[in-house]
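As the structure is a prediction and not an experimental result, all values here were calculated from the model. Here is the naming used below: chain letters follow the sequence lines, and residue numbers restart at 1 for every chain.
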2 protein chains.
Amino acid sequence: MKTEQVFKALADPNRMKILNILCSRDCACNVGEVAGCCTVDLSVVSRHLAILKNAGIVSAIKRGKEVFYHVNRTEVAALLRQIAANIEKPCCS
Amino acid sequence: MKTEQVFKALADPNRMKILNILCSRDCACNVGEVAGCCTVDLSVVSRHLAILKNAGIVSAIKRGKEVFYHVNRTEVAALLRQIAANIEKPCCS
DNA sequence: TTATCATTTGCATTATTGTGCATATATACA
DNA sequence: TGTATATATGCACAATAATGCAAATGATAA
């Protein structure tokens, strides 16, 4: 989980909407359900999900012809807290 | 401090280097000192600092002909922790 | 097998962002 | 005053990223 990749992934408004909807549902969502959160084409949502997945923010599980996505809550939270701690300390890196 | 703007600001490698150098020094740095961290033109560093400032991540204090930048440590850390908490909860927003 | 549905990917286009150079602004000093 | 230094900004260009459509892939059902 590279911080640069994570920040890049979170820097897009549509991906944030996608992340929010995935967070709000406790169960995993398929691409079609996620796509309801924004007006862009479903193929675009699929790409955004791939970016979030490559960044380690979400995970995908294939079941039948559908792919269910869910947020890696603890990992993402841990990373953000670690970065917060580093910034708070007088010496970052 | 808007999260989208913050993530956008942190999504660039040169801005992360700038933030790291600002974090590593306990005292504030002027633009010239900051510019040592990356190979881009000093005018580019100035622009990156402006982006970080507009995002609320750093603050600037002008003294004489120099401008000293420093990280808003507690604010940034608090924001990241808040986002972490939201992601960890079953319901994000 | 064929048809259908869910998702992904190739490709072209548009939009956004990063960059360097030259110039402007602001401050200090001779 | 003029000159030098630090920083910011206008502008053009390059690089990157987002988007939509069409087509491909993978999986199920008829």
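Scanning for salt bridge (charged side-chain N to carboxylate O under 4.0 Å, His left out) contacts around R47(A) gives an empty result, with sequence neighbours left out. With sequence neighbours excluded, the residues forming a side chain to side chain contact (heavy atoms under 4.5 Å, CB included) with V45(B) are I18(B), V31(B), V34(B), A35(B), C38(B), V40(B), L49(B), listed by chain and number. A search for side chain to side chain contact (heavy atoms under 4.5 Å, CB included) contacts involving A60(A) returns K53(A), V67(A), Y69(A), not counting sequence neighbours. For T3(A), there are no side chain to side chain donor-acceptor pair (under 3.5 Å) partners at least two apart in sequence or on another chain. Looking at residues two or more places apart in sequence or on another chain, you find a side chain to side chain contact (heavy atoms under 4.5 Å, CB included) between N54(B) and Q5(B).
Here the side chains of E33(B) and I21(B) are not in contact, with every heavy-atom distance at 4.5 Å or above. Taking 4.5 Å as the limit, some side-chain heavy atom of L22(B) sits within range of a side-chain heavy atom of C29(B). Here the side chains of I61(B) and H70(B) are in contact, with some heavy-atom distance below 4.5 Å.
Taking 4.0 Å as the cut-off between side-chain N and carboxylate O, R81(A) and E88(A) do not count as a salt-bridged pair.
A continuous path of Ile, Leu, Val, Met, Phe, Trp and Tyr side chains, each step under 4.5 Å between heavy atoms, connects V58(B) with V44(B), placing both in one hydrophobic cluster. In terms of hydrophobic clustering, with Ile, Leu, Val, Met, Phe, Trp and Tyr side chains grouped at heavy-atom distances under 4.5 Å, I51(A) and L80(A) are assigned to different clusters.
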### Query
How does each nucleotide of nucleotides 25-30 of chain D score, in 5' to 3' order, for protein heavy atoms under 4.0 Å: base (B), sugar-phosphate only (S), or none (-)?
-BSS--
### Task
Going 5' to 3' through nucleotides 16-21 of chain D, assign each nucleotide B (protein heavy atom under 4.0 Å from a base atom), S (under 4.0 Å only from sugar-phosphate atoms) or - (no protein heavy atom that close).
-SSBBB
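The backbone N or O of L52(A) sits nowhere less than 3.5 Å from a side-chain atom of R15(A) that would complete a donor-acceptor pair. With hydrogens and angles ignored, the 3.5 Å screen pairs a side-chain donor or acceptor of R73(A) with a backbone N or O of C23(A).
Going from atom CG of L49(B) over to atom P of dA6(D) covers 16 Å, rounded to whole Å.
For residues 29-48 of chain A, no pair satisfies ring pair (Phe, Tyr, Trp, His ring centres under 6.0 Å), with sequence neighbours left out. Applying the salt bridge (Lys or Arg N to Asp or Glu O under 4.0 Å) test to residues at least two apart or on different chains, the pairs with a partner in residues 2-11 of chain B are E4(B)-K8(B).
Taken residue by residue, residues 28-37 of chain B places heavy atoms nearer than 4.0 Å to DNA chain D at N30(B), V31(B), G32(B).
If one axis is set at each end of the helix from dT1(C)-dA30(D) to dA30(C)-dT1(D) from five pairs, those axes are 10° apart, to 10°.
Residue contacts shown for Y69(A) are limited to sugar-phosphate atoms, with no base heavy atom under 4.0 Å away.
Bracketed by its first and final contacts, the part of DNA chain C lying under 4.0 Å from non-hydrogen atoms of chain B reaches from dT17(C) to dA28(C) in 5' to 3' order.
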